[in-house]
Number of protein chains: 2
Amino acid sequence: MRDAYHEELAGIGKQLVAMARMAETAIEQATRALLETDLDLAQHVIAADGTLDAVHHDLEERALELLARQQPVATELRTVVASLRMSADLERMGDLAQHVAKVARLRYPTGAIPAEVCDVIREMGQVARRMAARTACILTSRDVRMALALEGEDDEMDRLHRTLFHHLMDTRWTHGVETAVDVALCSRYYERFADHAVSVAKQVVFLVTGERAADYIDFGGTFNASGS
Amino acid sequence: MRDAYHEELAGIGKQLVAMARMAETAIEQATRALLETDLDLAQHVIAADGTLDAVHHDLEERALELLARQQPVATELRTVVASLRMSADLERMGDLAQHVAKVARLRYPTGAIPAEVCDVIREMGQVARRMAARTACILTSRDVRMALALEGEDDEMDRLHRTLFHHLMDTRWTHGVETAVDVALCSRYYERFADHAVSVAKQVVFLVTGERAADYIDFGGTFNASGS
């Protein structure tokens, strides 16, 4: 019975890693579609999100079955419940990549991103992609140090978000309101993508150390790593 | 044992209702703070979100304890797991109200919302408040018809969101980029608030009918009420 349990739990763990990798691919491709105004790639990202959603639903069913049949307690119970939360975070990361792709599709063939902010958006895309890749590693390795370091990446994302807003508010901004709103919303999508990656990392820290990082479910909060 | 179980589950149910009411108050006050540039009220909403977060964490702990001690199966298990999800939705609704209040605080005393879009924002605030209030009713009554009707409210929110964007994109918009970005982000916060209310309603439908509304966890999806 316990063997079956651990096998099932390992299966769920593998699904989480696969979801993180899908989110990584999605945000990388969405960023490319946005910057290179590539309609086909945008469509591909939008369609591919269905797969991530399907894995999420499958994981939920498996987790519920596992809870019902194996009735885990203590650490094992927390692992299953945390997996449900992490799955919801990863599914949402896919949605946010899809939102970026939808902006790319909406503004095809003109393009949504003016030249002077392309570099910042590219960097946001790189940080987001890297955070998703590290999330996959953290899920596999359960490396607490790496999980805590993800907070630093998130600070970088917040810095880029502020930089972008400075561009938008600059009196020299000549691209009008529509483009400013597109850029602001994309920036918000990247920022939220990063928040969800941090949320997954916090849950791994909690599972390994037993210490709850402050407000780990409050995606908007600060990652308080004290004592863990 | 079963009595204790139902008592605990009822306690969790009451917490969910309390959270929905807190979210209702938060979005009502945040909207007022935004439209009346009321700094004190904005600060109050921002501070009060801590209470909603605390209830969310408490509910999570209670749900985990209940899973560990009572080891529910079937419907009861699904109810506890759905409660965890609904709690996360309601906590997020509080965050989004807080975001609106933060925009009010940031633009004090000038005000963030130009006169010609005040009515739309006011209406978004009213729809959001009403959706939170109905969410509280749905959680108490488990009224499937009312839960399904919440989709209609969400359509109204989406319509308001589009109306607001038409204002922003209008060539007669004279308030510049900063204000346009503030308005666009607030609009997004209201829209997401409504999505989370719909997500709670979908989970109630699922618990009562056993039928999963299509993609009930995909907040961006259409509420497919077929057969339920």
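Sequence lines set the chain letters: A, B, ... in the order given, protein chains first and strands last, and positions in each chain run from 1.
For B:R78 and A:E61, the salt-bridge test passes: some basic side-chain N is under 4.0 Å from an acidic carboxylate O.
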Test log, rule side chain to side chain contact (heavy atoms under 4.5 Å, CB included), inputs B:T135 and B:M86
CA-CA 10 Å; B:T135 301; B:M86 292 190 279; over 6 Å; no
Determine whether B:R92 and B:D95 satisfy the following criterion, side chain to side chain contact (heavy atoms under 4.5 Å, CB included), listing intermediate values before the conclusion.
CA-CA 5 Å; B:R92 187 74 199 136; B:D95 286 348; 3.1 Å; yes
Let's go through A:L77 and A:V81 carefully: what are the C-alpha distance in whole Å and the side-chain angles of both, what is the deciding distance for side chain to side chain contact (heavy atoms under 4.5 Å, CB included) to 0.1 Å, and is it a yes or a no?
CA-CA 6 Å; A:L77 172 61; A:V81 172; 4.2 Å; yes
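Using a 3.5 Å distance cut-off with no hydrogens or angles, the side chains of B:Q203 and B:S199 do pair a donor with an acceptor. No side-chain donor from either of A:E91 and A:S87 sits under 3.5 Å from a side-chain acceptor of the other. Counting only N and O atoms by type, the side chains of A:Q15 and A:H56 include no donor and acceptor under 3.5 Å apart.
In this structure, A:L90 and A:L52 approach most closely via the heavy-atom pair O-CD2, 3.8 Å. Heavy atoms only, all atoms of each residue included: B:I121 and B:C186 are closest at CD1-CB, 4.5 Å.
A distance of 11.0 Å separates CG in A:L160 from CG in A:D155, rounded to the nearest 0.5 Å.
Proximity to chain A at a heavy-atom threshold of 4.5 Å picks out nothing from residues 103-120 of chain B. Residues of residues 172-180 of chain A lying under 4.5 angstrom from chain B, judged on non-hydrogen atoms, are A:W173, A:G176, A:V177, A:E178, A:A180 by number.
Proximity to chain B involves both the backbone and the side chain of A:L67, based on heavy atoms less than 4.5 angstrom apart.
Of the listed residues (B:A74, B:A68, B:G94), the one with the most heavy-atom contacts under 4.5 Å to chain A is B:A68.
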